[in-house]
Amino acid sequence: MKKSSFKFCWEDTLLEMLPSRALFLPETKELLICDIHLGKAEYFQQNGIPLTNNSDKNNFARIKKIVKKYSPEKLIILGDLFHSKYSIDKTLQKKVEDLPELLKTNVELVLGNHDVGCDIKNIKIFDIRKTKNITFSHEPVNLENNKTLNICGHYHPKIYLKNNGDKLSFRCFAMDMNKNVLYIPAFGDLTGGYPCKKSFKKWAIVSEEEIIEIKS
């Protein structure tokens, strides 16, 4: 069944999965995205692979659109805001540092492996962050409390769906029910993906407006 979003509760916390590749927590007004990989096109260009520079422009426009729609008190980026410290020029750095003022909201970054060595202002930076009974991280972390949910990125989850002989790939939200880990889809336009384990519960993003729950 296709929907414009999927809502579910973890203990007493409501979470809403969005086809815009974001996760919204209505009670705390926190909007989560991950794996934007800004500067990826420039990084590839530096290594002799021609790519257009439009992806970052599109990523910023999409961020602005979802923040305007949900009016969060915090935009939390779960790692890999940048692709590499070597692909950050002054223009890109200024655009990122101007985000809190542009969006009229607080912006926080949970450091990812690609963010190592990146120096930015106006954005609070964490290694791991917690809210209520949820732990935010870039890569999954081992939790001792089985009532705590770990929400993370890094994995770039995707799923293959077949229809009339066609095999299509979609980004998705993926839940490891055994370890209480919810992986959110990569936000960046140039990010690839990795097929989910069969045991994961999945919600596929089939368009910019629709998300579908995958029945196991």
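Only a predicted model underlies this, so the values are computations on that prediction, with no experimental measurement involved.
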Original post:
With a 4.5 Å heavy-atom cut-off, do F187 and I63 have their side chains touching?
Top reply: yes
Original post:
Shortest non-hydrogen contact from C196 to Y155?
Top reply: CA-OH, 3.8 Å
Subject >> Shared hydrophobic cluster, L25 / F6 (ILVMFWY, side-chain heavy atoms < 4.5 Å) >> reply: yes
Original post:
Which atoms form the tightest heavy-atom contact between L18 and S5, and what is the distance?
Top reply: CD2-CB, 3.9 Å
Subject >> Between R171 and T191: side-chain donor-acceptor atoms closer than 3.5 Å >> reply: yes
Original post:
In terms of ring plane angle, is the pair H154 and H138 parallel, tilted or perpendicular, where the classes change at 30° and 60°?
Top reply: perpendicular
**OP:** Looking only at non-hydrogen atoms, find the nearest pair between A22 and F173 and report the distance.
**Re:** O-CZ, 3.3 Å
Original post:
Which value, rounded to the nearest 0.5 Å, describes the distance between L38 atom CG and S84 atom OG?
Top reply: 12.0 Å
Original post:
Among side-chain atoms of N133 and T13, is any donor-acceptor pair under 3.5 angstrom?
Top reply: yes
Subject >> Residue pair F24 / P72: nearest heavy atoms and the distance that separates them >> reply: CE1-CB, 4.3 Å
Original post:
P195 and Y160: which non-hydrogen atoms are nearest, and at how many Å?
Top reply: CG-CE1, 3.9 Å
Original post:
Does T105 use its side chain to pair, donor to acceptor, with the backbone of E73 at less than 3.5 Å?
Top reply: yes
Subject >> More than 12 heavy atoms from other groups under 6.0 Å of CG on D166 >> reply: yes
Original post:
Are L149 and T135 close enough that some pair of their side-chain heavy atoms sits under 4.5 Å apart?
Top reply: no
**OP:** Inspect the surroundings of CD in E11 and state if more than 12 heavy atoms from other residues, nucleotides or ligands are less than 6.0 Å away.
**Re:** yes
Original post:
How many angstroms lie between atom CG of L99 and atom NZ of K64, to the nearest 0.5 angstrom?
Top reply: 10.5 Å
**OP:** Tell me whether L32 is reachable from L14 by hopping between hydrophobic residues (I, L, V, M, F, W, Y) whose side-chain heavy atoms are closer than 4.5 Å.
**Re:** no
Original post:
Should the heavy atoms of other residues, nucleotides or ligands under 6.0 Å from CZ of F8 be counted, would the total exceed 12?
Top reply: yes
Original post:
So which of K94, K95, Q93 actually passes side chain to side chain donor-acceptor pair (under 3.5 Å) with E97?
Top reply: Q93
Original post:
How far apart are the C-alpha atoms of K74 and E108, what are their side-chain angles, what is the distance that settles it, and do they pass the salt bridge (Lys or Arg N to Asp or Glu O under 4.0 Å) test?
Top reply: CA-CA 7 Å; K74 291 179 183 177; E108 299 179 355; 3.7 Å; yes
Original post:
Is I33 reachable from L102 through a run of I, L, V, M, F, W or Y residues, each pair having side-chain heavy atoms under 4.5 Å apart?
Top reply: yes
Original post:
Can you find a pair of side-chain heavy atoms, one from C152 and one from V181, that are under 4.5 Å apart?
Top reply: yes
Subject >> Chi angles and distances behind the side-chain contact (heavy atoms from CB on, under 4.5 Å) call for I151, L15 >> reply: CA-CA 11 Å; I151 300 177; L15 302 101; 3.5 Å; yes
Original post:
Are the side chain of K202 and the backbone N or O of K197 linked by a donor-acceptor pair below 3.5 Å?
Top reply: yes
**OP:** Quick one: do K215 and E213 satisfy side-chain contact (heavy atoms from CB on, under 4.5 Å)? Show the steps, please.
**Re:** CA-CA 6 Å; K215 301 294 185 180; E213 183 177 7; 3.7 Å; yes
**OP:** Could you tell me whether the side chain of W203 reaches within less than 4.5 Å of the side chain of C172, counting heavy atoms only?
**Re:** no
Original post:
Does a sphere of radius 6.0 Å around CG in N113 hold more than 12 heavy atoms from other residues, nucleotides or ligands, not counting ones at 6.0 Å or beyond?
Top reply: yes
Original post:
Has the side chain of R129 got a donor or acceptor atom that lies under 3.5 Å from a matching backbone atom of I76?
Top reply: no
Original post:
Mind checking whether E16 and L23 have side chains closer than 4.5 Å, heavy atoms only?
Top reply: no
Subject >> Other residues, nucleotides, ligands: >12 heavy atoms within 6.0 Å of E208 CD >> reply: no
**OP:** Using the rule that two of Ile, Leu, Val, Met, Phe, Trp, Tyr join whenever any of their side-chain heavy atoms come within less than 4.5 Å, decide whether V141 and W10 are in one cluster.
**Re:** no
Original post:
Any chain of hydrophobic side-chain contacts (each under 4.5 Å) joining I120 to F60?
Top reply: yes
**OP:** Using only heavy-atom distances, determine whether the side chains of E209 and S207 contain a donor-acceptor pair under 3.5 Å.
**Re:** no
Original post:
What class does the angle between the rings of H37 and H114 fall in, given that below 30° is parallel, 30 to 60° is tilted and above 60° is perpendicular?
Top reply: perpendicular
Subject >> Derivation and outcome, side-chain contact (heavy atoms from CB on, under 4.5 Å), residues I214 and L161 >> reply: CA-CA 10 Å; I214 306 301; L161 298 178; 4.0 Å; yes
Subject >> Check: L182 and N150 side chains under 4.5 Å, non-hydrogen atoms >> reply: no
Original post:
Are side-chain N/O atoms of N178 and S199 paired as donor and acceptor at under 3.5 Å?
Top reply: no
Original post:
From K130 NZ over to F136 CZ, what is the distance, rounded to the nearest 0.5 angstrom?
Top reply: 12.0 Å
Subject >> Pair Y70, K68: side-chain N/O donor-acceptor within cut-off below 3.5 Å >> reply: no
Subject >> I134 side chain reached by T148 side chain, heavy atoms, under 4.5 Å >> reply: no
**OP:** Given salt bridge (Lys or Arg N to Asp or Glu O under 4.0 Å), test D115 with K85 step by step and report yes or no.
**Re:** CA-CA 7 Å; D115 298 315; K85 65 180 181 180; over 6 Å; no
Subject >> Interatomic spacing from CG in L109 to CD1 in I77 - rounded to 0.5 Å >> reply: 6.0 Å
Original post:
Is there side-chain contact between N180 and K147, with at least one heavy-atom pair below 4.5 Å?
Top reply: no
**OP:** For the pair D35 (side chain) and D80 (backbone), establish whether a donor and an acceptor sit closer than 3.5 Å, ignoring hydrogens and angles.
**Re:** no
Original post:
Hey, does the side chain of N59 reach the backbone of G188 with a donor-acceptor pair shorter than 3.5 angstrom?
Top reply: no
Original post:
Taking 4.0 angstrom as the limit, do D12 and K132 come out as a salt bridge?
Top reply: yes
Subject >> Contact summary for I205 and P185, nearest pair of heavy atoms >> reply: CD1-CG, 3.7 Å
Original post:
Step by step, would you call L75 with N106 a side-chain contact (heavy atoms from CB on, under 4.5 Å)?
Top reply: CA-CA 6 Å; L75 172 67; N106 295 308; over 6 Å; no
